[in-house]
A.B. asks: 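The structure is given below, and queries will be raised subsequently.
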Amino acid sequence: MKEFDYSQVKHYKLYNFVKTVFRPLVKVVYKIEFKGLENIPKSNNYIVAINHTCALDPVFVACPKNIPPLHFMAKAELFKNPLSAWFITHMYGFPVKRGKGDTSAIDYGIKIVEEGHVMAICPEGKRIKDKNGVPQRAKAGVAVIAKATGADVLPVAICCKGKIKAGKKVVISYGEVIKNSDMGLQREDLGPHDIKDAANMVMDRITELWKAEVCDD
């Protein structure tokens, strides 16, 4: 696997081409409905936090025209194949080595936000394959990046009753932005439990959005 270049945030033309060409197809195949688009910030100093339902999560969330290019973490295994590595990289994906204590992806995520781009992250850290799609608890990554950059977080829930498949209705719900100050990340005496609490706050907002669409009244 060719080593990913974490030293600089590059720009690629493929992303906008793919988004323009395939967005209508994705919306039809998955019967996508968007809610809360008015909550999308006009400036780019924010992080998008998404529940992890399937490999197409960043695609679903990036479909609206007013969503800028999303830089997103993808598991390092996807970069072993040169062709898939090239495609994911040119779609602004970057590898993360899960469970190995590698901070390269977190540092790169911080660089993305600090340079005025938008990063998408799945706080759960992995795709939820069972548990009926119910969002699970967060890992610390989203709060670590928010603390380091001072960025706000836009919670987004991908909502579908059961497993996401072609032909099923999928609701993409964009919640109200969580201010960095509301997460308590601007204090000087932060401890690991404070970081965890902030990450859980983000995941709780995502879960609320998900339940509003999926759970029966």
Side-chain angles (χ1 to χ4, degrees), residues 19 22-74 91-93 109 113 117-139 141-143 145-146 151-180 182-183 197-217:
K19 179 173 178 176
F22 288 98
R23 180 173 50 136
L25 179 62
V26 170
K27 290 172 66 176
V28 171
V29 170
Y30 291 94
K31 297 183 179 179
I32 292 181
E33 178 182 354
F34 300 102
K35 294 187 177 181
L37 293 177
E38 69 278 3
N39 292 320
I40 298 173
K42 292 181 172 58
S43 64
N44 284 358
N45 187 29
Y46 65 96
I47 301 164
V48 174
I50 316 164
N51 58 314
H52 203 353
T53 61
C54 68
L56 292 176
D57 293 336
V59 177
F60 292 150
V61 176
C63 274
K65 292 182 179 180
N66 55 333
I67 286 282
L70 297 180
H71 298 252
F72 63 95
M73 291 183 182
M91 292 300 292
Y92 293 120
V113 178
H117 308 289
V118 178
M119 180 186 166
I121 185 170
C122 299
E124 295 152 304
K126 62 181 180 179
R127 181 157 54 102
I128 305 304
K129 298 181 180 180
D130 50 14
K131 302 181 186 297
N132 204 30
V134 179
Q136 302 300 301
R137 303 310 296 169
K139 296 187 180 299
V142 63
I145 295 173
D152 300 331
V153 177
L154 175 68
V156 183
I158 299 175
C159 314
C160 181
K161 290 189 176 182
K163 189 175 182 179
I164 292 178
K165 297 178 180 179
K168 292 186 68 174
K169 180 181 179 180
V170 179
V171 175
I172 313 300
S173 182
Y174 301 80
E176 294 183 3
V177 167
I178 306 172
K179 296 294 184 183
N180 193 278
D182 292 339
M183 289 185 282
D197 287 346
N200 286 335
M201 174 188 287
V202 173
M203 205 64 223
D204 287 344
R205 296 286 181 88
I206 294 173
T207 302
E208 289 171 7
L209 294 168
W210 184 87
K211 287 182 176 179
E213 298 297 331
V214 175
C215 295
D216 295 328
D217 295 331

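Given the structure is predicted, the values throughout are model-derived calculations rather than measurements.
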A.B. asks: Under the side chain to side chain contact (heavy atoms under 4.5 Å, CB included) test, which residues partner Ile145, sequence neighbours left out?
C.D. replies: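 Once residues adjacent in sequence are excluded, the partners of Ile145 under the side chain to side chain contact (heavy atoms under 4.5 Å, CB included) criterion are Ile47, Met73, Ile106, Ile110, Val113, Met119, Ile121, Thr149.
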A.B. asks: Would you call the rings of Tyr30 and Phe60 parallel, tilted or perpendicular, where under 30° means parallel and over 60° means perpendicular?
C.D. replies: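 Ring orientation, 0 to 90° scale: perpendicular.
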A.B. asks: Considering all heavy atoms of both residues, which atom of Gly175 and which atom of Asn39 are nearest to each other, and what is their separation?
C.D. replies: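 Of all heavy-atom pairs spanning Gly175 and Asn39, the closest is O-CB, 3.1 Å.
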A.B. asks: Lys161 and Val214: which non-hydrogen atoms are nearest, and at how many Å?
C.D. replies: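 Looks like CE-O, 3.0 Å.
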A.B. asks: Considering non-hydrogen atoms only, spot the tightest contact between Pro155 and Leu209 and give its length.
C.D. replies: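 Looks like O-CD1, 3.6 Å.
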A.B. asks: Work out which heavy atom in Val26 is nearest to a heavy atom in Val59; give both atom names and the distance.
C.D. replies: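 Taking Val26 first and Val59 second, the nearest heavy atoms are CG2-CG1, 4.2 Å.
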A.B. asks: Applying side-chain hydrogen bond (donor to acceptor under 3.5 Å, both in side chains), name anything that partners Asp204, two or more places apart in sequence or on another chain.
C.D. replies: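 Asp204 satisfies side-chain hydrogen bond (donor to acceptor under 3.5 Å, both in side chains) with Arg137 once adjacent residues are dropped.
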A.B. asks: Any chance you could lay out the side chain to side chain contact (heavy atoms under 4.5 Å, CB included) test for Ile158 and Ile164, step after step, and finish with the verdict?
C.D. replies: CA-CA 10 Å; Ile158 299 175; Ile164 292 178; 3.7 Å; yes
A.B. asks: Residues two or more places apart in sequence or in another chain: which of them pass ring pair (Phe, Tyr, Trp, His ring centres under 6.0 Å) with Tyr174?
C.D. replies: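 With sequence neighbours excluded, Tyr174 shows a ring pair (Phe, Tyr, Trp, His ring centres under 6.0 Å) to no residue whatsoever.
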A.B. asks: Can you measure from CG (Leu70) to NE2 (His117) and round to the nearest 0.5 angstrom?
C.D. replies: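 Reported to 0.5 Å precision, the distance equals 12.5 Å.
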A.B. asks: Which residue pairs satisfy the salt bridge (charged side-chain N to carboxylate O under 4.0 Å, His left out) criterion with at least one member in residues 29-51, sequence neighbours excluded?
C.D. replies: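 Of all non-adjacent pairs touching residues 29-51, those that pass salt bridge (charged side-chain N to carboxylate O under 4.0 Å, His left out) are Glu33-Lys169, Lys35-Glu213.
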A.B. asks: How long is the span from the CD1 atom in Ile50 to the CE atom in Met203, to the nearest 0.5 Å?
C.D. replies: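 That separation rounds to 10.0 Å.
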A.B. asks: Considering residues at least two apart in sequence or located in another chain, which fulfil the salt bridge (charged side-chain N to carboxylate O under 4.0 Å, His left out) criterion with Asp152?
C.D. replies: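 Counting only residues at least two positions away or on another chain, Asp152 forms a salt bridge (charged side-chain N to carboxylate O under 4.0 Å, His left out) with Lys179.
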A.B. asks: Take atom NZ of Lys139 as the centre, draw a 6.0 Å sphere, and report whether it contains more than 12 heavy atoms from other residues, nucleotides or ligands.
C.D. replies: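 Open: at most 12 neighbouring heavy atoms sit under 6.0 Å from NZ of Lys139.
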A.B. asks: Let me confirm one number: the CE-CG distance from Met183 to Asp197, rounded to the nearest 0.5 Å.
C.D. replies: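 Nearest 0.5 Å value for the CE-CG distance: 12.5 Å.
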A.B. asks: How far apart are the closest heavy atoms of Ile67 and Ile40, and which atoms are they?
C.D. replies: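 Heavy atoms of Ile67 and Ile40 come nearest at CD1-CD1, 3.6 Å.
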A.B. asks: Nearest heavy-atom pair of Cys160 and Lys163: which atoms, and what distance?
C.D. replies: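 Smallest heavy-atom distance, with atoms named: SG-O, 4.1 Å.
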A.B. asks: Can you tell me how far the CZ atom of Arg205 sits from the CD1 atom of Ile178, to the nearest 0.5 Å?
C.D. replies: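 Reported to 0.5 Å precision, the distance equals 4.5 Å.
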A.B. asks: How long is the gap from CD on Glu208 to OG on Ser173, to the nearest 0.5 Å?
C.D. replies: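 Going from the CD atom of Glu208 to the OG atom of Ser173 covers 11.0 Å.
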A.B. asks: Can you name the ring pair (Phe, Tyr, Trp, His ring centres under 6.0 Å) partners of Phe72, sequence neighbours left out?
C.D. replies: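 Phe72: no ring pair (Phe, Tyr, Trp, His ring centres under 6.0 Å) contacts found.
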A.B. asks: Run the side chain to side chain contact (heavy atoms under 4.5 Å, CB included) test on Trp210 and Asn51 for me, step by step, so that the C-alpha distance in whole Å, both residues' side-chain angles and the decisive distance to 0.1 Å come before the verdict.
C.D. replies: CA-CA 9 Å; Trp210 184 87; Asn51 58 314; 3.9 Å; yes
A.B. asks: Does the Asp57 side chain pair with the main chain of Thr53, one donor and one acceptor, at a distance under 3.5 Å?
C.D. replies: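 Such a contact is found between Asp57 side chain and Thr53 backbone.
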A.B. asks: So, Asn180 side chain and Ala151 main chain: donor-acceptor pair closer than 3.5 Å or not?
C.D. replies: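 Yes, Asn180 side chain to Ala151 backbone: donor-acceptor pair under 3.5 Å.
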